[in-house]
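Below: the structure, in structure tokens.
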Amino acid sequence: MTLQQERPRTGPLSEPERHYLSKPDRVREDRRFVTGKGRYVADLIRPDTLHVALVASPHPHARIGAIDTSAALQVPGVVAVLTGDELAAETEPLRQYLDVPEVQWWPLAVGSTRYAGEWVAAVVADSRAVAEDGAELVVVDYEPLPFVIDPEVAAGKDSPLVHPTHGTNVMADRHFAWGDVAGNRALADRTTTVRTRWNRNSTVPLETFGVIAAWDPHRELLDVWASIQMPQFPEQVAGSLRIPTNQVRVHFDVDVGGSYGVKRGIKHAVLAGFLARRLGRTVALIEDRSENMHGGDFHGPDRIFEVELAYTDKGDITHIRIDVLDDEGAYPGRSPLQLAKPIGAIVGPYRITSAEYHAKAVVTNKTGQVAVRGFGQSPTNYAIEAAVDAVARDLGMDRIELRRRNFIKRDEFPFRIPSGTEYDSGDYETVLEKGIAAADLAALIAERDELRGKGYLAGIGVASCLEPGGGNAIFENIMNPKNDKTTFPEACRIRVDGEGAVTAVISISSAGQAHETMVATLVGEELGISPDRIAVVRADSLSGFPSQSPVGSRMTIVLGQAIHGAAGELKNKLRIIGAHQLGLPVDEVDYRDGAVVSGSNPDVRLSWGELVAIAHRKQHLMPPGMQPGLEMVHVAHTPRSGTLTSPEGTVQLYPTYSFELHLVLAAVDPGTAKVELKRYVVAHDCGTVINPDVVRGMVYGGTAHGIGVALYEQFAFSPEGQPLTSSFMDYLLPSSHEVPRIVDVEHCTPSPYTSHGQKGAGEAGYMGAPAAVASAVNDALNGVGAAPLHSLPIKPSDIWSALRAAEQESS
Amino acid sequence: MKPVDFELHRPETLAEALELLAEHGADGKVLAGGQSLIPLLNFRLARPDHVIDLGRIGALRAIRRNTDALVIGAMVTYHQAERSAAVAETAPLVSAALPHVAHQGIRARGTIGGSVAHGDPAAELPAVFSALDATMVAVSRRGTREIAARDFFLANLVTALEEDELLAEIRVAPVPARTGAAFNEVGRRHGDFALAGAGAQLTLTDDATVSSARIALTGVSAKPFRATEAENTLVGQRVDERLWRRAADVVRRDVDPAADLHATADYRRDVAGTIVERALAAAAARALGNRTGSMEATG
């Protein structure tokens, strides 16, 4: 493992001046997680809590008739049974982000059930086991209805309708054309079109979703502890429950056991909150793995792509067309917005000056989809990279050479892509060279050829991909022009108490992203105080400040900006206090490592302790009119945000663009068609690194996740609409046996638009690994004249079939 | 995923266990490590009123060598058997199969008898014991019964054990000299139930002719599968690569795999042959290197 940190060329802090930023340092969260002392939502359940179990629909689509709850209610310990009709009578439907008013969604099915596994009734009991006993006894009268599982069928005219009153299964259908499409097509000598299938997978967290809700009728306050990673969570829960937002207090000091997008849980929290209010008791809904896998609505993108590239005989790509059909499952919710984010990186790292994009979202009778790591970017990267490989095959050109030739060059940044987004910075060629050096490409090729000589199929995979960072909300506006939201803010409070100790307060929960380390490092860097001495705590949603959720690396980028702002305001106040006390003009003093110092004579200074004492309890020494205390809150917007989509469909999406290059060597056993990854190198550039171990962890974990997508993971359904992946026996997560040693090489091209030059890293590895592993398998197949595979996951039997087909063709 | 309410019994002796089985066998389940039963309970697929845990009965945890058999107690863990020199010398095919059973953590708790009594055709040991003509010793308050493996595994997850009977031990005849064994399997991931698994055990004469062949397959049939026809093509033949290929083709003809999410039936059929071929080649190589069988070793 190597980690090389380049000195930044630009940015507000050049490396020699840094004390803590980018330096190897402990990750403060690790201790509690490694020793098993994390505090997850299920750890907070008190003895008097009621537990919820769900009655799930066995049918993919059925009208719900009578629901007989009498037997369930007779089970000793069962307190209540709630049906969809009762819930819908007193709550607002869950939020839809598209303009689809006819699509009504509640935590429990109302009228009809639209996928197998959908929750139909909730049973509340003294214990989870008793609640399950009760759930077995709820008798639901179902009348099966026609259903649709295949998204292409769903998009057709004669399909059964998932939401009949909407009139079609198509929920969004957006066409875009940017740049000189006709002119660029005319420049090309050839075109290649590749159809790719990204089957349904997800980030599958170790901890399922859980929520505890408690209603205090005297204070009129709903307390919520939940395993969440969800923007606008308190607002949406309050809205559905028809109570003011200031009566919902969401606690963020709860560890979240994995998420990468999927811990949304609005429906769970509305259900638990409703039950808590109705029963006047504390209610816990902790999904079991079956509820999570079937009814948790956390599946990820499920897409069919068609990518067409137009290019010259020399290999200059002139135009890209991407058509994508996304299967949202039964309720579209927030998931179709994931079709918009890739618009901000629609040409990948390539200098392509025109693009067409046709994004269509359909509903089917499957479990709902939700945001997953990268918000639609990794599937798009995979589709683009598969097409780039196909161009190389068509031209007989080296795949790396083709990419290098088409890369945006380092002196072309900021680079405006045809969809209107400016890439902030990058040096793709240097990262490529670092990857080639780390992998020792010549040796890698020799090893591949040696394996081939031994009778193995062997291939090298390559992928060069972008990770948009910063979590701008403009995709809501792109997919639904009626929604004119452009962004959402993040905030941080820095407080220096009367004894001079520094505490940073944030109001989000974290799912293992090491935000406490990040915040302490940045506050420490800004103030010149060791991060070890800085406390980081989490306010709840009422005592905190505008803050959304750790999505799209927003914490590093937007919260980082807020920290920079709050620290700047704090230092400014200290300078005014110091200058006043020293009798100097403010512009003649500096803040340096906790003290205010005269710019001309470093011996003239006021120490931290003296500054704190004046601010807190020596009013007579304060500048006249200045507010006492040292409390600074800064609310920051996403950098480069604040503009709507133009009428031409151009838009600045995310503010920063990280880059990664993958090189993989795969061997395939010709007898069993099993893939073994022999070597794995990632060269990665996310601008200024805050903590090297955290970035490395993201790269490793994201790559492992991507390997899972490429070779193992799928939420599959039978033609009858039944889920085939009911447990971890069938949903195959890669283990340490399947994930090879990953070599990570870092490069740093700072972003000119962020507080410290940082970019996103939360989706690192995952952005390129599915494309790279598929590329390696296809190189192996190509080596024996077999056709490439373009559907993930690639199973041994898929490779075996491709090999048999090639044999038959040649014989 | 909480089990239906049940009563847990934890007998200290075999006699106590048999009493409990006589009383509750009809609506009871035997817990022998729990690597299959506990998930079945949690999924509510098994709904017994009584669960009888054999974990405290030390007498079932022994591995013994008699003059005519290796005797494996039903509560011997996979891990214990994997590390046993007696098993390696006497029943090399069992030894070869054990590392393929799931993961270390499961092998530490799961038991040999638990796997056999569960009778899963996708599992390694039922197929291996079938191929080895092992004897299953069943006990009940009524007495002791010896059941040949071929009569023991009746269908998918169905064995010849009666409701009041307990599998107490498994007996395997020791191998002669010039015997070698190998086990191979293909799963989508390490430790998964195999898409296809194959074990082979060969005994050779001094002039490298196959005198005895045993071939076990997992995941390719509704019952633990012994490839008898393929074995027959080998006996009396000289060790030869082409011979393994011929046996593999017989296996491809005889197996009847099903398709599922993870692989097509055609794939499983073809790969079953491939890994049988590989297992035979490896077993033959070991047999050629193994001059002393366990009979001599044990005197």
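Just so it is clear: chains get the letters A, B, ... in the order the sequence lines come, proteins before strands, and each one is counted from 1. In this text the structure is predicted, and so the values were computed from the model without any measurement.
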Region of A:Phe717 that comes under 4.5 Å of a non-hydrogen atom in chain B: neither

Over 60° means perpendicular and under 30° means parallel, so classify the ring planes of A:Trp800 and B:Tyr267, tilted if in between. perpendicular

Is the CD atom of B:Glu241 crowded by more than 12 outside heavy atoms at less than 6.0 Å? no

Indicate yes or no for a side-chain donor-acceptor contact from B:Arg188 to the backbone of A:Pro796 under 3.5 Å, with no hydrogens or angles considered. no

Kindly indicate whether the side chain of B:Phe43, heavy atoms from C-beta on, has any atom under 4.5 Å from the side chain of A:Ser726. no

Any A:Lys795 side-chain heavy atom under 4.5 Å of B:His262 side chain: no

Drop me the distance from A:Asp133's CG to B:Asp5's CG, to the nearest 0.5 angstrom. 7.0 Å

Select one option (side chain, backbone, both, neither) describing which atoms of B:Asp266 are under 4.5 Å from chain A's heavy atoms. both

Between B:Ile275 and A:Thr672, the two heavy atoms sitting closest are CG2-CG2, 4.1 Å

Under 4.5 Å from a heavy atom of chain B, the part of A:Glu136 involved: side chain

A side-chain contact here means heavy atoms from C-beta on lying under 4.5 Å apart; do B:Met1 and A:Ser290 qualify? yes

Flag side-chain contact, heavy atom, 4.5 Å: A:Asp669 against B:Arg278: yes

Whatever's closer than 4.5 Å to a heavy atom in chain A on B:Arg268 counts as neither

Which portion of A:Glu132 sits near chain B, non-hydrogen atoms under 4.5 angstrom: both

Taking 4.0 angstrom as the limit, do B:Asp270 and A:Arg804 come out as a salt bridge? yes

Can you check whether A:Leu711 reaches B:Arg189 side chain to side chain, under 4.5 Å on heavy atoms? no

Check the surroundings of atom CG in B:Leu8: do more than 12 heavy atoms from other residues, nucleotides or ligands lie under 6.0 Å from it? yes

